[in-house]
Colleague: 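Here it is: the structure, laid out below.
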Protein chains: 2
Amino acid sequence: MAEPSMEEADGLVGGSNKVMGLGDRAYEDLKEKLVRGAYPPGHKITVRAVAEELGYGTTPARDALNRLVAERALVFSGPKTVVVPTLSLAELYEVTQMRLRLEGLAAEKGAIGAGSADIARLEAFQGEIDAALAEGRYADALWSNKEFHFHIYGRANMPMLLATIETLWLRVGAAFNDLYPEFAISKYGIQNHRAALEGLRHGDPQEVKAAIETDIRDGYRRLRQALSERAPKK
Amino acid sequence: MAEPSMEEADGLVGGSNKVMGLGDRAYEDLKEKLVRGAYPPGHKITVRAVAEELGYGTTPARDALNRLVAERALVFSGPKTVVVPTLSLAELYEVTQMRLRLEGLAAEKGAIGAGSADIARLEAFQGEIDAALAEGRYADALWSNKEFHFHIYGRANMPMLLATIETLWLRVGAAFNDLYPEFAISKYGIQNHRAALEGLRHGDPQEVKAAIETDIRDGYRRLRQALSERAPKK
DNA sequence: CTCCGAATTTTGTTGCAACAAAAATAGAAT
DNA sequence: ATTCTATTTTTGTTGCAACAAAATTCGGAG
């Protein structure tokens, strides 16, 4: 049973072979820290700081930064300053629109030919989400939520699509990690996931697609509200 | 009248400010060469060759290569070898599916609020396409075609979306440039563009979206056929 | 207390040499 | 001829120092 493995080398390895250099390692490390919310939005990230923090030289650190900037997981606030991004209302809307199309596509294609093994796996993820949520382990719930989504997307066998979706998740993850936990998942999310599972059981890709889209829309509403309630912050 | 400017610094500069270093220049140069078909698919690209060819040091050349690889405009054929990619049928299908969703979105949003100035501009682009086509200047036709599409997309004011679409165009452009000219545009394309213009005049975003999607689908069919007819090549 | 400008520190970039590893090449054996 | 192996060349990566430019700090003027 082949694991979709969203833990692969971030999408660069799309079936090709590439030696993992320090630069890629640094990229993975930094990405991990970003998505885990190690730095608050607005925090300045410098090449030398990353180099020392991760224990690599300045070249790999620079490579990682450049890559993250290209993916917009980090943004310039000045000619020479990169910071963890903040998502404006407009940007959140834009990312959501892209997610709807792209993840809708991935869900639809991924649903085709899904078997009971997939369903069992997804139910396991959902169980982890429920458990984590019940115990207040929001970070774990978020992680399992990601696994749930990407297990479906991964089945589509569309590496480019998957990589693009991942950058979108990284974009919102990095910007919202400071307030995400409380808002990210709720009974709505659970309900949408159950709907997706139903669609999988029925062998109806459109039903799965619709459920995922609703999930994205629900998340958008919550994020949007969180954003407007967020104090203008000194 | 603000120019949408698809000639901007490749999408990195999404409203932020960033100093253009040699690395970015090298990236632009290489990208240009790729989209112009300077290298045939399968051609090996090395850091030092690029450095000398473009007249930069090895560091900027390496930066450019890394970035192009991250965007999949260049791919690894071995642990240390990057080549101009070939698009498999599966990859062409994947790119097309993504283009349909993303460019459909961009067309729909870009159509909203389009005025007579936009229509005039688009008609001018179409005129250039017709003229170039009539005279056999396929490269120019391709260029004007790109301008036509991106003028609409640019109106949507969605920088992330636009950057993503551009990488998709680069991906197929680099892989197909050797046989693209004869197949890229035909009376179908013209007809689709006219339909898009009609939608713009009616102020009907859905009509524009449908026209663009048909355009993408027509192009896909032609490319697909060209791909299967392509000799297995020694 | 605020604002502005000069001095100082920090920071990204670039070229380069050294190194390890991969790719190309040449040759030998079957 | 073909395949496999050894040798040679090519190639990407990395660390580092120097440099120009930007960010920050600090004072002083209003």
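Predicted model, so just to flag it, every value in this text is computed and none were measured. Chain identifiers are assigned alphabetically (A, B, ...) following the order of the sequence lines, protein sequences preceding nucleic acid strands; residue numbering begins at 1 within each chain.
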Colleague: Not counting sequence neighbours, list each pair that qualifies as a ring-ring contact (aromatic ring centres under 6.0 Å, His included) and has a residue in residues 33-52 of chain A.
Modeller: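 Of all non-adjacent pairs touching residues 33-52 of chain A, those that pass ring-ring contact (aromatic ring centres under 6.0 Å, His included) are A:Tyr39-A:His43.
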Colleague: For the side chain of A:Asp24 and the backbone of A:Gly21, is there at least one donor-acceptor N/O pair under 3.5 Å apart?
Modeller: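 Such a contact is found between A:Asp24 side chain and A:Gly21 backbone.
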Colleague: Identify, with sequence neighbours excluded, every residue that meets side chain to side chain donor-acceptor pair (under 3.5 Å) alongside B:Glu94.
Modeller: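 Once residues adjacent in sequence are excluded, B:Glu94 has no partner under the side chain to side chain donor-acceptor pair (under 3.5 Å) criterion.
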Colleague: Enter the inter-axis angle for the ends of the helix from C:dC1-D:dG30 to C:dT30-D:dA1 (five pairs per end, rounded to 10°).
Modeller: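 About 30°, once rounded to a multiple of 10°.
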Colleague: With a sphere of 6.0 Å drawn around CZ of A:Arg137, does it hold more than 12 non-hydrogen atoms of other residues, nucleotides or ligands?
Modeller: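 More than 12 heavy atoms, drawn from other residues, nucleotides or ligands, come within 6.0 Å of this atom.
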Colleague: Spell out protein contact along nucleotides 4-14 of chain C as letters: B when the base is contacted, S when just the sugar-phosphate is, - when no protein heavy atom is under 4.0 Å; keep the 5' to 3' order.
Modeller: -------BBBB
Colleague: Residues in side chain to side chain contact (heavy atoms under 4.5 Å, CB included) with B:Asp118, at least two apart?
Modeller: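 With sequence neighbours excluded, B:Asp118 shows a side chain to side chain contact (heavy atoms under 4.5 Å, CB included) to B:Ala114, B:His151, B:Arg155, given in chain and number order.
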Colleague: Under the ring-ring contact (aromatic ring centres under 6.0 Å, His included) rule, collect the residues that match up with B:Phe148, sequence neighbours excluded.
Modeller: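 Once residues adjacent in sequence are excluded, the partners of B:Phe148 under the ring-ring contact (aromatic ring centres under 6.0 Å, His included) criterion are B:His193.
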Colleague: Under 6.0 Å from the six-membered ring centre of A:Trp143 and within 45° of its axis: does the NZ or CZ of A:Arg36 meet both?
Modeller: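 Verdict for A:Trp143: a cation-pi partner in A:Arg36.
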